[in-house]
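Step one of this worksheet: look at the structure below.
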Amino acid sequence: MSLFEAKGLRGSLAPDREYDDIDGSDINETDENEERKLNDSDFAASSFLQAQTSAEIRRAILKLALPALVEFGLMMLVQMIDMIQVGVLGPWAIAATGLAAQPTMLIFSVFSALVVGTTALVARAAGAGDRDYACRVTRQSFVIVLIMGAVITAVGIPASGSIIRLMGADVDTIAPGTIYLQIIMAGTIFTVGNMVLAASLRGAGDMVTPMISNMVANIVNLFGNWVLINGKLGFPRWEVAGAAVATSLSRMIAFIITLHAVYRRDKFIHISVHDSYRIEPNIIRDVLDIGIPAAVEQLIMRGGALLFARLIAGFGTIMFAAHQIAINIEGLGLVPVMAFQMATTTLVGQGLGANKSELSEEVTHQSTIISVCVMSLVGLIFFSFGKYAIEIFTRDAQVMSMGASALKILAISQPFTAVYFILAGALRGAGDTKYTMYISAIGVWGIRLVLGYLLADVLEMALIGAWIAVAADMLVRMLLAIKRFSGGQWKQAMA
């Protein structure tokens, strides 16, 4: 008997199993588990599951998306300010931190298996009203992620120099890039611990706690940058290393705040030092069944981004600095659709957990409409005012010209990006992570890298050619996601 069958959740949570009807009497039959089961009014899924109209569904989407919008917006804004603060040191500093960022994101993408799997299973449990199972998933993922984080730290610190060299760094960026990466690696446990706990809270519909933790952390990061990059208030001038210390410190604070939140008993997600942390293979298996394709997808994307960055780095420090600035501006522009994607993932999972697939489908449609409208506006801003955004980061004339051109190309792809992000979020919420993995592989490796190489290197279009490939990648991914979602297979991905 599997864990899902023992829990009475075989229909709503178990992957690759027959779909069964669920009612309250099938869940948490023991007295101990009944104490941990909440009434509908006690968790965020309740109001959404009662939605009857498109307006009510839009309100449910906005209720989750707005806190995520604030959180992601602050995160991206701080990253941009990070680069602005580092950028005053010169293009070499922007390139050094950018070269360190790509392998860092690749390494952290390994943890997406636990993050995506945890979010999907907790969302299903919230839809079914099973607090006990949601908390057990959280504990298991938390233990595994801390063990993995310790291993990454032990390996990543001594390997940092070799990683930066493999990225194709110029001589002036190797030393600062290595130091930056070593310090970031030292804070890995805090970063990944916060990732999985925040994922669990979001799966239960709690977007506010991660928002608060990241708001506080971002303030710490900004202040730390000001103090440590430039040597203020009696501190030494650490330049790029100072930015890394501020980042790692802020991530530690975010972790502490989130950890404190899940130890409070008034949350749907609650863990305690008195709980059992013994490894439960069935739960880990169920998390990884969903999460491994998502992790592979992230590795595909991050590996492709790393090679893409390596391609641009080959054109020199000036062009790579322009590329890195454009990426940061793009990241800020993606904040709205990231927020709506997160809301869609959570609500689709909760809808399917409550056996309401039609509600999950309508959530996706409404979220797509909102996101396309918002991202079309973002694209218009990029096209019309992108050059002014570049000027915030640097006054180097060459960097400004190249970066502004990249943003004009990026502007065209914003509606494609909106559709793809929402549909991919819906598929992940349904547990259909294998197909999103295939989409990313085709888009990043088949379009972005191959076409990018042909345009940028073979046809000598350099940065312009590379960003044309980025736009083409998003168009292809959007078309593939539409095909999958329209087919309806995602409704049975975890059935």
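- Considering T209, L201, D206 as possible partners of I269, the one that fulfils the side chain to side chain contact (heavy atoms under 4.5 Å, CB included) test is L201.
- Under the side-chain hydrogen bond (donor to acceptor under 3.5 Å, both in side chains) criterion, the residue pairs touching residues 479-488 are D432-R484, with sequence neighbours excluded.
- Rounded to the nearest 0.5 Å, atoms OG1 (T118) and CZ (F111) are 12.5 Å apart.
- Counting non-hydrogen atoms of other residues, nucleotides and ligands closer than 6.0 Å to NE2 of H365 gives a total above 12.
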Exercise for the section: In sequence, state the C-alpha distance, the side-chain angles, and the governing distance for M215 and I219, and then conclude on side-chain contact (heavy atoms from CB on, under 4.5 Å). Expected result: CA-CA 6 Å; M215 285 178 65; I219 293 171; 5.5 Å; no
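- Taking each heavy atom of W490 and A430 in turn, the nearest pair found is O-CB, 3.4 Å.
- Here the shortest heavy-atom pairing between V240 and P176 reads CG1-O, 3.7 Å.
- Checking side-chain atoms of S401 against main-chain N and O of A397 turns up no donor-acceptor pair under 3.5 Å.
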Practice task
Using the side-chain contact (heavy atoms from CB on, under 4.5 Å) rule, take M207 and T346 through it: C-alpha gap first, then chi angles, then the decisive distance, then the call.
Solution key: CA-CA 10 Å; M207 302 290 186; T346 297; 3.7 Å; yes
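- The number of heavy atoms from other shown groups lying within 6.0 Å of CD (E358) is above 12.
- Taken from CG in L259 to OG in S213, the straight-line distance is 11.0 Å, to the nearest 0.5 Å.
- Checking L64, T368, T364 one by one against T344, the side chain to side chain contact (heavy atoms under 4.5 Å, CB included) holds for a single residue, T364.
- Pairing each heavy atom of A481 with each of Y420, the nearest pair is CB-CD1, 4.0 Å.
- In this structure, M461 CE and I468 CD1 are separated by 3.5 Å, a value rounded to the nearest 0.5 Å.
- Ring pair Y438/Y435 is perpendicular by interplanar angle, where above 60° counts as perpendicular and below 30° as parallel.
- Counting heavy-atom neighbours within 6.0 Å of K408 NZ, excluding the residue itself, gives a total above 12.
- Under the rule for a salt bridge (Lys or Arg N to Asp or Glu O under 4.0 Å), R251 has no partner lying at least two apart in sequence or in another chain.
- T188 places a side-chain N or O within 3.5 Å of a backbone atom of M185 that can act as its donor or acceptor partner.
- S413 places a side-chain N or O within 3.5 Å of a backbone atom of L410 that can act as its donor or acceptor partner.
- Using a 4.5 Å heavy-atom threshold, the side chains of I409 and V470 count as separate.
- When all heavy atoms of V444 and G304 are compared, the closest pair comes out as CG1-CA, 3.6 Å.
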Exercise for the section: Using the side-chain contact (heavy atoms from CB on, under 4.5 Å) rule, take F416 and R477 through it: C-alpha gap first, then chi angles, then the decisive distance, then the call. Expected result: CA-CA 8 Å; F416 312 150; R477 279 198 257 176; over 6 Å; no
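- Under the 3.5 Å distance criterion, the side-chain polar atoms of S376 are left unmatched by any main-chain donor or acceptor of P415.
- Pairing each heavy atom of A462 with each of F315, the nearest pair is CA-CZ, 4.1 Å.
- For F255 against N194, the heavy-atom pair with the smallest separation is CD1-N, 3.5 Å.
- Separating the CD1 atom in I292 from the CE atom in M437 is a distance of 10.5 Å, to the nearest 0.5 Å.
- Between the side chain of Q341 and the main chain of F421, a donor-acceptor pair closer than 3.5 Å is present.
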Exercise for the section: Tell me, with the steps shown, if S248 and I184 meet side-chain contact (heavy atoms from CB on, under 4.5 Å). Expected result: CA-CA 6 Å; S248 291; I184 295 298; 4.0 Å; yes
